[in-house]
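Here is the structure we will look at, set down as structure tokens.
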Protein chains: 2
Amino acid sequence: MSVLLKPLELPVNQDNILQSLVAENLVSDPESARGRLLREAARLFREKGYERTTVRDLAAAVGIQSGSLFHHFRTKEEILKAVMVETIRLNTALMQAAMSSANSNREKLRALVSAELESINGQTGEAMAVLVFEWRSLSEASRAEVLKLRDIYEALWLDVLTGLKEEGALVADPFIVRRMLTGALSWTVTWYRPDRGGLTQNGLTDQVVAMLGLS
Amino acid sequence: MSVLLKPLELPVNQDNILQSLVAENLVSDPESARGRLLREAARLFREKGYERTTVRDLAAAVGIQSGSLFHHFRTKEEILKAVMVETIRLNTALMQAAMSSANSNREKLRALVSAELESINGQTGEAMAVLVFEWRSLSEASRAEVLKLRDIYEALWLDVLTGLKEEGALVADPFIVRRMLTGALSWTVTWYRPDRGGLTQNGLTDQVVAMLGLS
DNA sequence: GTTTACAAACCAAGCGCTTGCTTGGTATGG
DNA sequence: CCATACCAAGCAAGCGCTTGGTTTGTAAAC
């Protein structure tokens, strides 16, 4: 049967999702000038913070003059906003895909935890850290825009957690559990190192699920 | 019996602890010039971030000229460090006191969660938020100093969590649980508002303990 | 297949402003 | 009398961003 041919480790092709988002102009091609700048920006913003990163730093990271940046973005803040917006878009899509192959709410939750850990500690990790730690540097207008996108993302979580609550699998309040999970998972960015220390991302997911009594 | 006279809501007198730390010169008297500056600094650093807060902002907040700040602190960063160091010192002492009246490890954990929520969402909340979000603005030397103090604080948690694990009350790894709790509890600063919304700090503590299956 | 046209991408220079911090001097309280 | 706390003024450096002009890529026009 053809279903057996589906790769077990990676139920969805992340590259395909990225490519279709690029085609729809929702995220920048990572190999374009804009895409490379955003990746370097995410790296620098995470490393030094938005305010401590100068436009000269950003320009140097992609090998152009500082003034040339303003050809691509009108302001420095617009760069920060772009990093955040594109990251949410990508991860929302990845998360929907990760959930689509799960059948029960328990499986869905595991998929969500796993996907969020991947987004925080994988390729988009630097951008996710920026999203968590630099939102205060956004203007109010940009902030509203980002929050709107985040609401879509959060709805995915609440659906599953509410389902688990109704099944009786969850004791605490779904809203509060989600907020605790947001903090707990975001925080992994400050201590978890997938490359060293024996704990794999799957292992970490297990620990989270065990902590919630849902394993 | 005299133990019955002990107040139930507040097993330890927070003011007394503060006063003895002030006497030992470990934290500044909140009513001194230095203490007031640190409180205003914490407020501003949390509100706008360290980098976006200028020395002129800080000076204006306590009603002096910007240059006069440098009579009390040699650099702006020293102000940030002082906010962090004094906050950890105070909260470590408060936490030790909160635990002292608990008998079982379950009770101790509840005391720790409750105390940390209080430190994050109570009087020292602004300073705690600074501690979480602004550590990147510290020089490496200051960072090491702050981390040393934090280790003492963290040892309190690990003792209790390891005990619970040995009792079989905890399934997941103590180190990981602590790290998840750090993130989860810190994050409450971004959404929890004790004044509105019905959820008291005791109620929130209940939810956390329930989430861990320890209620 | 060369020329022309033109926009996008970039450079070199620097402007105007804000920043952390310094300096020299003046009150004030014990 | 002297240390502590402060002010008034401003410096040097670094900041985001602008400006005017040059290169580069591309594609139609001849």
Side-chain angles (χ1 to χ4, degrees), chain A residues 22 25 28-84 130 134-143, chain B residues 22 25 28-84 130 134-143:
Chain A
V22 169
N25 249 327
S28 310
D29 184 347
E31 287 174 48
S32 69
R34 184 187 157 100
R36 269 184 304 122
L37 173 63
L38 289 182
R39 197 171 59 238
E40 291 299 313
R43 217 198 68 228
L44 286 166
F45 289 165
R46 173 181 172 182
E47 188 180 314
K48 327 203 300 174
Y50 172 77
E51 302 288 346
R52 292 176 101 93
T53 304
T54 70
V55 293
R56 286 163 182 83
D57 291 334
L58 292 169
V62 291
I64 59 174
Q65 291 295 102
S66 68
S68 307
L69 275 185
F70 296 90
H71 229 326
H72 301 281
F73 298 91
R74 269 176 309 179
T75 62
K76 182 188 169 191
E77 194 225 333
E78 204 172 79
I79 300 177
L80 177 62
K81 192 183 83 175
V83 168
M84 293 186 170
V130 171
E134 304 294 341
W135 61 272
R136 235 180 346 186
S137 296
L138 281 181
S139 69
E140 214 155 322
S142 307
R143 194 139 47 181
Chain B
V22 169
N25 248 329
S28 309
D29 184 345
E31 287 174 48
S32 70
R34 184 187 157 101
R36 270 185 303 124
L37 174 63
L38 289 181
R39 196 171 61 239
E40 290 299 314
R43 216 200 66 228
L44 286 167
F45 290 165
R46 174 181 170 183
E47 188 180 312
K48 327 205 300 176
Y50 172 77
E51 302 288 347
R52 292 175 100 94
T53 303
T54 69
V55 292
R56 286 163 182 82
D57 293 333
L58 293 169
V62 291
I64 58 174
Q65 291 295 103
S66 68
S68 306
L69 275 184
F70 295 90
H71 256 281
H72 301 281
F73 298 91
R74 268 175 311 180
T75 63
K76 182 189 170 190
E77 194 226 335
E78 203 172 80
I79 300 177
L80 178 63
K81 192 182 83 174
V83 167
M84 294 185 169
V130 170
E134 303 296 340
W135 61 272
R136 238 179 346 186
S137 296
L138 281 181
S139 70
E140 214 154 323
S142 308
R143 194 139 46 183

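Convention: sequence-line order gives letters A, B, ...; per-chain numbering from 1.
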[atom1] of [X] versus [atom2] of [N]: gap in Å, rounded?
X        : N       : atom1 : atom2 : value
Phe45(B) : dG20(C) : CZ    : C1'   : 12 Å
Ile79(A) : dC15(D) : CD1   : C1'   : 14 Å
Arg52(B) : dC17(C) : CZ    : C1'   : 16 Å
Glu77(A) : dC17(D) : CD    : P     : 9 Å
Glu78(B) : dG20(C) : CD    : C1'   : 14 Å
Arg34(B) : dT4(D)  : CZ    : P     : 15 Å
Lys48(B) : dT18(C) : NZ    : C1'   : 12 Å

Go through it in stages, so that I can follow the logic: the residues are Glu77(B) and Ser139(B), the test is side-chain contact (heavy atoms from CB on, under 4.5 Å), and I'd like the CA-CA distance, side-chain angles, deciding distance and then a yes or no.
CA-CA 8 Å; Glu77(B) 194 226 335; Ser139(B) 70; 3.1 Å; yes
Would you kindly check if the NZ (Lys) or CZ (Arg) of Lys81(A) is within the cone defined by 45 degrees around the ring axis of Phe73(A) and under 6.0 Å from the six-membered ring centre?
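No, Lys81(A) does not sit over the ring of Phe73(A).
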Are Glu40(B) and Arg43(B) within salt-bridge range, i.e. N to O under 4.0 Å?
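Salt bridge present between Glu40(B) and Arg43(B).
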Under-3.5 Å N/O pairs linking protein and nucleotides 22-24 of chain D:
none

Minimum heavy-atom separation for [X] and [Y], please, with both atom names.
X         : Y         : result
Arg136(A) : Arg143(A) : CA-NH1, 3.7 Å
Ala33(B)  : His72(B)  : CB-CE1, 4.4 Å
Ala61(A)  : Leu44(A)  : CB-CD1, 3.9 Å

Not counting sequence neighbours, list each pair that qualifies as a side-chain hydrogen bond (donor to acceptor under 3.5 Å, both in side chains) and has a residue in residues 52-70 of chain B.
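Every side-chain hydrogen bond (donor to acceptor under 3.5 Å, both in side chains) pair that includes a residue of residues 52-70 of chain B, provided the two are not neighbours, is Glu51(A)-Arg52(B), Lys48(B)-Asp57(B), Thr54(B)-Asp57(B).
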Could you check Ile79(A) against Val55(A) for side-chain contact (heavy atoms from CB on, under 4.5 Å), going step by step and ending with a plain yes or no?
CA-CA 10 Å; Ile79(A) 300 177; Val55(A) 293; 5.9 Å; no
Looking at DNA chain D, which of residues 56-75 of chain A put a heavy atom within less than 4.0 Å of it?
Arg56(A), Ser66(A), Gly67(A), Phe70(A), Thr75(A)
